[in-house]
Amino acid sequence: MLFRKFMTAIFAISALAGQAQEKQFSIIPEPAEITVAGEGTVQIERGMLVRVSDSSLVASADFLADYTNRYLGIPLRVDVPKKGKKRTADKAVNGIVLVNRNNGEVSGGYRLEVIPGTGIRIEGNDAAGVFYGVQTLIQMLPVRAGVLPILAAAKVVDYPRFAYRGMHLDVVRHFFPVEFIKKYIDYLALHKLNYFHWHLTDDQAWRVEMKCRPELTAKGSVREGEIEGLYPGKYQPLPYGGYYTHEDVREVVRYAAERYITVIPEIDIPGHCMAVLATYPQFSTTPDEPKKCALTWGIFNKFNNVLAPKPEVFDFLKDVFSELCDLFPGQYIHVGGDECAKRWWQESEQTQRFMRDHGLADEKALQSYFIHYVQDVVNAKGKTLVGWDEILEGGISEDCIIMNWRRPNYGVKALKTGHRAIFACSAWSYFNMKESRTQSEIGPRGPLSLEKVYDFQIVPDSLTDRQTELIWGAQGCLWTEYIPTTWKVEFSLFPRMAALAENVWSPVEKKSWDNFSRKVEMQCERYELWGARYSDAFFRLQDIVRKR
Ligand code: ACM
């Protein structure tokens, strides 16, 4: 009897320990290796010291301290090294130590150890690796304030699968203030994503200040009205506008850089340009018909008017892309290039003459002429051009990066013609699609379930090794025609962004829907901790009632 009681107690304790361990290791994206390292624990306590090996890691230490303080009510003390001084950071006892090994191994890789009696040690292959180790530590913490953060002895060894792990946001169809853009960047960081693709211009608005052309935002950032509800919807004569100043951009870029995120700005040409044409109708193929050059409302229309090939248009492109290159310090500039309605060029005598004069055989060649022109401007600034997969039409030089939004065969074509490619195929990566058939909060398209996002095969079959190497990574996109509010942004993103994150970060052998779907519950508790909205479609599809 006594023996049975004793055994029951042992089982109960180990079941609890197992549960705690499952919680401690409910990490998304799944790390490459997790080892439970024997007995003992480390508790993160109020005022615990965070020491860094050099000042470049202070931002990562601050990120951690801000998180534990804001969400768990546990302030930490960041020990800032004296300017220019390096220290080994080895002496800290019972603290958190961040070390940049700078060892030339895979960028973003790190080791994290929970060492009883000593504390927590994160060693990155580089500074980005330390930051990702911090994100893993954050995910080992409780998802509720008040639960003591007691971590079992463990070792995590981890590194990213792809160098490009991106997320896009359309701020044109609906505008979001800088404070929310920073929050969005935090969401990327917390999922170990490292590129923010900022879609800044389109048919509905121009949303970035251009000192060289102030009219673009004076006129092109405000539309007369909105439509409410699903297309064709109900017109509301409610002026709608907003744009980012140079100062705003610099603030966003700085904030992103502290989180090891590069911002890629997109100015979409030669289609999706109604905001330019509303400002400068003379740049269109129909300068005498202003009605054909007006900003459109909230809804996408792939038959909209486009830029005409005129000297003043090429001067304009040179000015704005040069300014964009100077404003954004990152290496990459996105030219758009998608869904250019060629019929405007076919119907324009001036355009047809231009094509004949320049030996352009068809409208695809003209599209290519525009893209080449911008590429020269961007290359002259030492930067690299990225464009949607249509930029392959009519030919484009190898050093342009192709962002594949249509079916994956366009990405494969890019790889086969020697281009680096980012897979953002709409069927798996457009989070503006509703998540389940019956979901009404997002938009009419879809469904795109969590499992489908997770299942996206980023590396297509039957590629050569060289072609596989050219796959730079993958990206999720959020088009905001039907997403006017920040809560809808969050609701559309979560938890599907977690599936994207695991798909682009974790080693392919670690990919397991069963394991991932077990972790989603806790991930959603994290979203609750952050005060972020998320969709519960996954739980409904699985017929699981979320515990609160
Ligand atoms: C796109 O969805 N037109 C890139």
Side-chain angles (χ1 to χ4, degrees), residues 164 166-174 195-207 231 264-276 296-307 332-344 363-364 367-368 370-371 374 385-394 396 400-414 419-434 442-448 452-453 456 458 472-483 489 492-493 496-497 500:
Y164 185 101
M167 192 66 223
H168 147 289
L169 181 65
D170 164 13
V171 294
V172 176
R173 277 53 179 263
H174 285 105
Y195 282 89
F196 170 48
H197 171 180
W198 205 0
H199 184 77
L200 288 164
T201 72
D202 213 301
D203 292 324
Q204 293 79 2
W206 183 283
R207 300 234 183 268
Y231 186 79
I264 302 185
E266 178 185 351
I267 286 185
D268 203 348
I269 67 115
H272 285 280
C273 261
M274 295 301 281
V276 180
T296 48
W297 305 329
I299 299 308
F300 141 92
N301 180 350
K302 65 180 170 192
F303 305 111
N304 282 329
N305 208 340
V306 303
L307 294 178
Y332 305 98
I333 297 289
H334 202 304
V335 67
D338 59 320
E339 297 177 312
C340 178
K342 314 272 188 324
R343 77 158 233 250
W344 299 94
E363 288 72 23
K364 285 185 177 173
Q367 148 110 358
S368 183
F370 270 98
I371 304 297
V374 173
L385 199 75
V386 184
W388 297 110
D389 52 55
E390 285 97 327
I391 72 168
L392 280 171
E393 290 171 7
I396 188 75
C400 289
I401 296 169
I402 306 300
M403 189 173 271
N404 176 202
W405 73 277
R406 294 180 292 177
R407 290 187 309 281
N409 57 311
Y410 291 101
V412 170
K413 184 173 165 204
H419 296 275
R420 271 199 288 167
I422 299 161
F423 284 79
C425 304
S426 55
W428 292 270
S429 314
Y430 278 21
F431 300 157
N432 42 293
M433 289 193 212
K434 58 188 172 187
I442 309 179
R445 294 176 60 202
L448 170 56
K452 186 167 179 191
V453 176
F456 181 42
I458 299 170
W472 196 19
Q475 171 173 295
C477 296
L478 198 69
W479 301 100
T480 57
E481 283 93 340
Y482 291 118
I483 304 183
V489 170
S492 313
L493 284 183
R496 288 181 288 186
M497 200 162 102
L500 166 79

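Note that ligands are numbered from 1 as they come in the structure, with each ligand's atoms numbered from 1 the same way.
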Step by step, work out the ring pair (Phe, Tyr, Trp, His ring centres under 6.0 Å) result for Trp405 and Phe423.
-> CA-CA 7 Å; Trp405 73 277; Phe423 284 79; over 10 Å; no

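The distance criterion of under 3.5 Å between nitrogen or oxygen atoms is met by Tyr430 with respect to ligand 1. Distances between N or O atoms of Trp388 and those of ligand 1 include no value under 3.5 Å.
With ligand atoms numbered from 1 in the order given, ligand 1 contributes 3 (N) to contacts under 4.0 Å with heavy atoms of Glu339.
Residues satisfying the side chain to side chain donor-acceptor pair (under 3.5 Å) test with Asp268, not counting sequence neighbours, are none. Shown here are the ring-ring contact (aromatic ring centres under 6.0 Å, His included) partners of Phe431, two or more places apart in sequence or in another chain: there are none.
Among the candidates His334, His168, His174, the single residue satisfying the ring-ring contact (aromatic ring centres under 6.0 Å, His included) test with His199 is His168.
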